[in-house]
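Atoms within each ligand, like the ligands themselves, are counted from 1 in listed order.
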Amino acid sequence: MTEPPSTVSPLFSPELATDLVSLRRDLHRHPELSWQESRTAGALQRALGTLGIDDTRRVLETAVVARVPGRVRGAPVVAVRGDIDALPVVEATGLPFASSAAGVMHACGHDVHATWAVGAAALLRARPAAGDVLVVLQPAEEVGQGAAKVVESGALDDVRAIFGAHVDRRFEVGQVVADVGPVNASTDTFEIELVGAGAHGARPHESADPVVALAAVITAIQTLVARRLDPALPGVVTVGAVHAGAAPNVIPERATLLGTIRATTPAARALLTAELRRLTEQVAAAYGVRATVALRDGTPPVVNEARATAWAREATERVLGTSALVPFGTTNMGGEDFAFYLERMPGCFMRVGAREPGGERIAAHSPRFYAAEESVFIGAAVLAETARVASEALAG
Ligand SMILES: [Zn+2]
Ligand SMILES: [Zn+2]
């Protein structure tokens, strides 16, 4: 049985440590896809009850919100979030508690996130924050929807700051990243349809060729990042799918392309999407083709607020010492729906090292990805202490 790392072991009784490890393994063995997390939610609610946290309720069917009472009635409320869903991946970790659900796997470590949130609730029950702490076990992160739905449900209406974290095998167990500013990109998608006029492949002068226009559009929109976006900001415009035509000697009537836009600030996101539309329409027009640009909003960028990040850093230093904090060193251009909380309230999204010493840097969503079990204890301890520091500061 895994034990807590020595830096945090005094915080966990042997019983609590055992409960958390078995909860993590149980969740890992029984992964559920986004919006289907009913067994998971039940297991989490039961685990909270076993640990003496009675004020729990189900929101949106598969979300669980627990309220851990604070010391001071009426003091500001803060929240800790753990996401709980799995991915459609065939597990290849060889772990003794590997997935028993065909084609479904906790390949993003949300089994650990859910468990450390429960662990944080237990630690906060043992040593409460000034105000109440809501522990939010959130479904459907992988489809980018759960956080927005939790916000809409009103469950967080009295919350003043929120904290969460992601396991990351680029960092060793005991290392924590809590950086201010953008840490994840926005993830909007676009679909462009170009409609021209079809013709015989040998008579292009009778067509308005959407294939040639499509080629020009693809090339033109590469200049959005190169020539429209401030070069000090990271950004991505990727075309991932192209569809047009069916025969070598027929010019089709229409062509479509699908892609994604990633940006790290709300302003850069707005700029790239507006310029994508403008440039596409004008390039298409130059080729005598009509363009329809459909944009679908994904998750916003995750932007860690300065004061909340300072609280997370202070808490991490208190729990793990000053050497634990390491810089991210990069912006993750992947998305994370924690961003929807940060649109409503300040907070900080951290990375928690999940690589055992000498272990491999396996990327999340890989069939071989797993988080070192010790990261459960680090995450629980850091998030609980962050909630205490934040609560104290907001109450002060
Ligand atoms: Zn993921
Ligand atoms: Zn994830």
Side-chain angles (χ1 to χ4, degrees), residues 24 27-28 30-37 40-41 44 62-63 80-93 99 101 103-118 120 135-150 162-171 173 176-179 182-189 236 260 262 298-302 304 328 330-342 347-355 361-373 375-376 378-380 382-383:
R24 185 277 171 118
L27 296 178
H28 193 93
H30 301 285
E32 292 172 306
L33 294 174
S34 305
W35 294 128
Q36 296 172 28
E37 311 90 340
T40 304
L44 292 167
T62 55
V80 168
R81 173 272 214 169
D83 43 3
I84 67 171
D85 56 329
L87 285 161
V89 171
V90 179
E91 179 155 354
T93 60
S99 171
V104 185
M105 176 193 173
H106 269 298
C108 204
H110 298 185
D111 52 330
V112 169
H113 303 171
T115 307
W116 71 31
V118 169
V135 174
V136 182
L137 295 156
Q138 179 216 301
E141 193 287 323
E142 292 294 355
V143 292
Q145 297 168 356
K149 292 284 180 199
V150 169
I162 188 162
F163 302 91
H166 208 291
V167 287
D168 195 326
R169 288 189 62 96
R170 282 171 292 190
F171 303 98
V173 170
V176 173
V177 178
D179 283 353
V183 291
N184 279 88
S186 58
T187 59
D188 302 322
T189 53
V236 176
T260 183
R262 308 291 166 113
T299 51
V302 176
N304 284 340
F328 204 0
T330 181
T331 305
N332 187 344
M333 298 307 285
E336 163 60 60
D337 81 352
F338 194 80
F340 286 108
Y341 301 120
L342 297 185
C348 179
F349 191 68
M350 296 172 252
R351 316 292 297 186
V352 167
R355 186 177 87 232
R361 294 160 183 261
I362 308 165
H365 293 205
S366 155
R368 296 193 305 112
F369 179 84
Y370 67 96
E373 211 145 53
S375 62
V376 166
I378 301 283
V382 167
L383 286 169

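Salt bridge Arg81/Asp337: present, at least one basic N to carboxylate O contact under 4.0 Å.
Of the candidates His113, His110, Gln145, Asp85 forms a side chain to side chain donor-acceptor pair (under 3.5 Å) with just one, namely His110.
Checked against the Zn ion (ligand 1), the N, O or S atom of His365 at the shortest distance is NE2. Atom OE2 is the N, O or S atom of Glu142 at the shortest distance from the Zn ion (ligand 1). Atom NE2 is the N, O or S atom of His166 at the shortest distance from the Zn ion (ligand 2).
None of the N, O or S atoms belonging to His110 lies under 2.8 Å away from the Zn ion (ligand 1). Because the distance cut-off is set at 2.8 Å, His113 fails to qualify as a neighbour of the Zn ion (ligand 2), as none of its N, O or S atoms comes that close.
Proximity of a side-chain donor or acceptor of Asp83 to a complementary backbone N or O of Glu141 within less than 3.5 Å is not detected. At least one donor-acceptor pair closer than 3.5 Å links the side chain of Arg355 to the backbone N or O of Arg169. For the pair Asp188 (side chain) and Gly298 (backbone), a donor-acceptor distance under 3.5 Å is present.
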